[in-house]
Asker: 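First the structure, which I've put down as structure tokens, then a few questions once you've had a look.
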Amino acid sequence: AIETGSLDAAKAIIIDLLTIRADRDRYYYGMDTLFERHPDIIKRVCADAPGLLPPLLDGLIWRSRTTTRGERRVNFYIKHLVVDAEGGFPKAIRWLTEHGDPTIMCHPVVSMVTDLVWSRAALLTFLRGKAWFFFTMIVFVSSEAILNHLNKASREEAHESGLVDDAHGVDHASDNASGLGLRVAIFCCRCFVYCCSMSRMMVHHVSRSFQDYREGKVAHCGCVRYPEYLSTWQEAVGFVLMLSLLTMLCLEPILHCLPHSHGDYLFDEHCPQGENVIFYYSVAATCATVMYFLLLTDLSVVSTRMSAFALACNRLATEVMFYLVGLSFTVATFACALSTMEHADDDFDGVPKSALNLYRMAFSMFEGDHYDKMAAYPALLFAGFVFAIAGVVFLTSLLVAQLSSAYLRQYDDM
């Protein structure tokens with residue numbers, strides 16, 4: 001019936017099969033027959049007749065006609081959505097997820113199956129997999145954002161007390177007590193990250209890339225071809241994290257200073273050779289830190305409310321991007337226009353400075369004395385007022401309206 005397009009007939013058949021009947025000897029319920037004859041019924045319905053999903057899922061629920069103390073007994077027949085004929089986990093939930101209908105995903109049957117599988121089987125496995133990642137992230141943050149600043153603070157304190165060798169910037173008096181200990185701790189943490197975190201990422205991405213290329217699973221972005229597994233944002237962020245850590249290893253200041261380190265200068269990163277690369281190393285470390293925390297957002301699935309909030313943020317990010325595009329166009333328009341105007345205000349002398357200060361005006365970072373300077377040029381002040389109305393009042397109000405409308409639509413789906 002589905003293949004011929006007779007959806008009304010298919011709906012009647014599904015309702016008839018999934019209606020519980022009984023006589024004096026036995027009950028009749030066609031759920032087992034339906035899933036044994038068509039184990040891919042969910043996939044077929046999702047692809048060819050999504051309108052039949054609600055009656056199909058409704059047929060897997062039995063509700064009693066009588067109530068007891070205001071409550072009604074409900075039975076969910078979800079065996080074929082949890083275990084297939086071979087005893088494995090079926091692909092029904094995967095097919096429903098790929099279908100991408102939030103209304104179907106909120107159906108009581110689907111919600112029951114996903115909650116059951118998540119709480120009884122997937123949760124502990126997921127947490128065990130994330131525990132190692134969380135530990136490596138803690139080690140990374142400790143070495144890059146905590147210990148290095150403690151070492152810097154001890155160096156500055158020693159410099160103020162006159163105990164630092166100006167030629168090398170090392171605290172001889174307290175090196176064995178605190179300075180050397182901090183540098184050893186930083187070096188050990190970085191070695192752990194490179195050996196135990198970056199190496200695992202490299203093995204994972206190299207093997208997945210080789211597998212996808214061998215099987216012909218290649219995605220396209222313009223003229224660029226890349227492995228299909230990178231189409232998911234988690235894998236893409238993980239790939240960027242791997243590249244950031246590899247860049248950090250190549251630019252590691254401690255390794256650049258190691259051939260020149262001896263005695264009190266062991267594991268120092270502020271030698272002349274290290275100073276040449278330490279800024280670029282810090283940029284790579286900043287990128288890696290952001291990637292670590294982006295991957296940590298996967299932990300939001302532990303809580304349904306947190307997961308719904310993360311989903312809303314993901315969906316509403318598009319509206320913010322549109323706002324930034326509109327604001328950038330407005331800034332570019334007024335920056336070019338103000339650069340053509342004859343005035344002596346240094347804040348709007350040229351397109352780059354004009355654009356920078358217009359962005360500062362849009363984000364309330366433009367100080368009041370700069371507005372006083374603009375008052376000396378009425379035409380410039382008038383243009384600033386027009387930009388404030390168009391770029392700040394109008395676009396910001398439009399952003400709030402768009403976010404409110406989009407959130408209401410998402411809230412209905414959640």
Asker: Can you tell me if T340 uses its side chain to pair, donor with acceptor, with the backbone of A337 under 3.5 Å?
Answerer: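 Looks like yes, one N/O pair under 3.5 Å.
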Asker: Do the non-hydrogen side-chain atoms of L338 and L380 ever get within less than 4.5 Å of each other?
Answerer: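 Of all side-chain heavy-atom pairs linking L380 with L338, at least one is under 4.5 Å.
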Asker: Can you give me the closest heavy-atom contact between F89 and V82, atom names plus distance?
Answerer: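 Shortest heavy-atom contact: CD1-O, 3.4 Å.
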Asker: Restricting to non-hydrogen atoms, name the atom on M248 and the atom on A288 that form the minimum distance, rounded to 0.1 Å.
Answerer: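 Heavy-atom minimum between the residues: SD-CB, 4.1 Å.
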Asker: Tell me whether the count of non-hydrogen atoms from other residues, nucleotides or ligands lying under 6.0 Å of NZ in K91 goes above 12.
Answerer: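 Atom NZ in K91 is not packed in, count stays at 12 or less.
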Asker: Say whether, by atom type as modelled, one donor and one acceptor occur between the side chain of S405 and the main chain of A401 under 3.5 angstrom.
Answerer: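 Not at all, since once roles are kept as given, no pair shorter than 3.5 Å links the two residues.
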Asker: With a cut-off of 3.5 Å and sequence neighbours excluded, list every side-chain donor-acceptor pair involving residues 357-371.
Answerer:
unit_1, atom_1, unit_2, atom_2, d
N357, OD1, R360, NH1, 3.0
N357, ND2, D347, O, 2.6
N357, ND2, K353, O, 2.8
Y359, OH, S328, OG, 2.9
R360, NH2, M365, O, 3.4
H370, ND1, D347, OD2, 2.7

Asker: Within the side chain of T396, is there an N or O that forms a donor-acceptor pair under 3.5 Å with the backbone of V393?
Answerer: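 Such a contact is absent between T396 side chain and V393 backbone.
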Asker: Just so I know, are the side chains of L96 and L53 near enough to count as touching, which here means a heavy-atom distance under 4.5 Å?
Answerer: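 With C-beta onward as the side chain, the pair touches.
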Asker: If we only count heavy atoms from C-beta on, is the E275 to H256 side-chain gap below 4.5 Å?
Answerer: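 Sidechains of H256 and E275: no contact.
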Asker: State, with a plain yes or no, whether a side-chain heavy atom of V290 is found less than 4.5 Å away from one of S244.
Answerer: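 In short, these two side chains do not touch, never coming nearer than 4.5 Å.
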Asker: The criterion is side-chain contact (heavy atoms from CB on, under 4.5 Å); which residues satisfy it with D32, sequence neighbours excluded?
Answerer: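 Partners of D32 under the side-chain contact (heavy atoms from CB on, under 4.5 Å) test: E36, K79, H80.
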Asker: Only pairs at least two apart or in different chains count here, so list each side chain to side chain donor-acceptor pair (under 3.5 Å) that has a residue in residues 276-291.
Answerer: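 Only E144-Y281, R190-Y281, E252-Y281 qualify under side chain to side chain donor-acceptor pair (under 3.5 Å).
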Asker: What residues, two or more places apart in sequence or in another chain, satisfy side-chain contact (heavy atoms from CB on, under 4.5 Å) together with L316?
Answerer: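 L316 satisfies side-chain contact (heavy atoms from CB on, under 4.5 Å) with L403, A406, Y407 once adjacent residues are dropped.
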Asker: Is the shortest side-chain heavy-atom distance between W95 and V45 below 4.5 Å?
Answerer: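 Answer no - side chains too far apart.
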Asker: Donor-acceptor pairs under 3.5 Å, side chain of residues 221-231 to any protein atom, not counting sequence neighbours: which ones?
Answerer:
unit_1, atom_1, unit_2, atom_2, d
Y229, OH, H205, O, 3.4
Y229, OH, H205, ND1, 2.9
Y229, OH, S209, OG, 3.3
S231, OG, E228, O, 3.0

Asker: Could you check if a side-chain atom of Y323 sits within less than 4.5 angstrom of a side-chain atom of L398, using non-hydrogen atoms only?
Answerer: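 In short, these two side chains do not touch, never coming nearer than 4.5 Å.
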Asker: Below 3.5 Å, can you tabulate the donor-acceptor pairs from side chains in residues 131-142 to any protein atom, sequence neighbours excluded?
Answerer:
unit_1, atom_1, unit_2, atom_2, d
T136, OG1, W132, O, 3.2
T136, OG1, F133, O, 2.7
S142, OG, I138, O, 2.7

Asker: Please list, chain by chain and in numerical order, all residues satisfying side chain to side chain donor-acceptor pair (under 3.5 Å) with S197, sequence neighbours excluded.
Answerer: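 Only Y292 meet the side chain to side chain donor-acceptor pair (under 3.5 Å) criterion with S197.
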Asker: Identify the two heavy atoms, one from M242 and one from M198, that lie closest to each other, and give their separation to 0.1 Å.
Answerer: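 That closest heavy-atom pairing would be O-CG, 4.5 Å.
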Asker: I need the full list of salt bridge (Lys or Arg N to Asp or Glu O under 4.0 Å) pairs touching residues 319-342, with sequence neighbours left out, sorted by first then second residue.
Answerer: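 For residues 319-342, and leaving out neighbouring residues, there are no salt bridge (Lys or Arg N to Asp or Glu O under 4.0 Å) pairs at all.
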Asker: According to the salt bridge (Lys or Arg N to Asp or Glu O under 4.0 Å) rule, which pairs have a member within residues 43-62, sequence neighbours left out?
Answerer: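 Every pair satisfying salt bridge (Lys or Arg N to Asp or Glu O under 4.0 Å) with a residue in residues 43-62: E3-R44, R44-D48.
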Asker: In chain order, what residues pass the side chain to side chain donor-acceptor pair (under 3.5 Å) check against S6, with sequence neighbours excluded?
Answerer: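 With neighbours one apart ignored, the set is T4.
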Asker: In terms of heavy-atom contacts, does CD of E215 have more than 12 from other residues, nucleotides or ligands at under 6.0 Å?
Answerer: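 Enclosed: over 12 neighbouring heavy atoms sit under 6.0 Å from CD of E215.
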Asker: For Y213, look at atom OH and say whether over 12 heavy atoms of other residues, nucleotides or ligands are found less than 6.0 Å away.
Answerer: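 Enclosed.
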Asker: Of all the heavy-atom pairs spanning I186 and L147, show the shortest one and how long it is.
Answerer: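 Smallest heavy-atom distance, with atoms named: CG1-CB, 3.5 Å.
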Asker: Give the minimum heavy-atom separation between L81 and A92, together with the two atoms involved.
Answerer: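 The answer is CD2-CB, 3.7 Å.
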Asker: Do you know the tightest heavy-atom contact between G238 and M201?
Answerer: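 Shortest heavy-atom separation between G238 and M201 comes out as O-SD, 4.4 Å.
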Asker: Quick one: does I41's side chain get under 4.5 Å of I14's, heavy atoms only?
Answerer: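 Heavy-atom side-chain distance check fails, nothing below 4.5 Å.
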Asker: Is the shortest heavy-atom distance from the side chain of P108 to the side chain of I61 under 4.5 Å?
Answerer: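 Sidechains of I61 and P108: in contact.
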Asker: Walk me through whether Y29 and W62 qualify under ring pair (Phe, Tyr, Trp, His ring centres under 6.0 Å).
Answerer: CA-CA 11 Å; Y29 186 42; W62 174 83; over 10 Å; no
Asker: For K11, enumerate each residue passing the salt bridge (Lys or Arg N to Asp or Glu O under 4.0 Å) test, keeping only those at least two apart in sequence or located in another chain.
Answerer: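 Listed in chain order: nothing, the list is empty.
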Asker: Looking at H38 and D40, would you say the former's side chain and the latter's main chain have a donor-acceptor pair under 3.5 Å?
Answerer: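 Such a contact is absent between H38 side chain and D40 backbone.
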Asker: Suppose we screen for ring pair (Phe, Tyr, Trp, His ring centres under 6.0 Å). Which residues come up paired with W233, at least two apart in sequence or across chains?
Answerer: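 For W233, no residue satisfies ring pair (Phe, Tyr, Trp, His ring centres under 6.0 Å) once neighbours in sequence are set aside.
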Asker: Identify the residue among L18, L52, V110, I78 that makes a side-chain contact (heavy atoms from CB on, under 4.5 Å) with L57.
Answerer: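 When L18, L52, V110, I78 are each tested with L57, the side-chain contact (heavy atoms from CB on, under 4.5 Å) holds only for V110.
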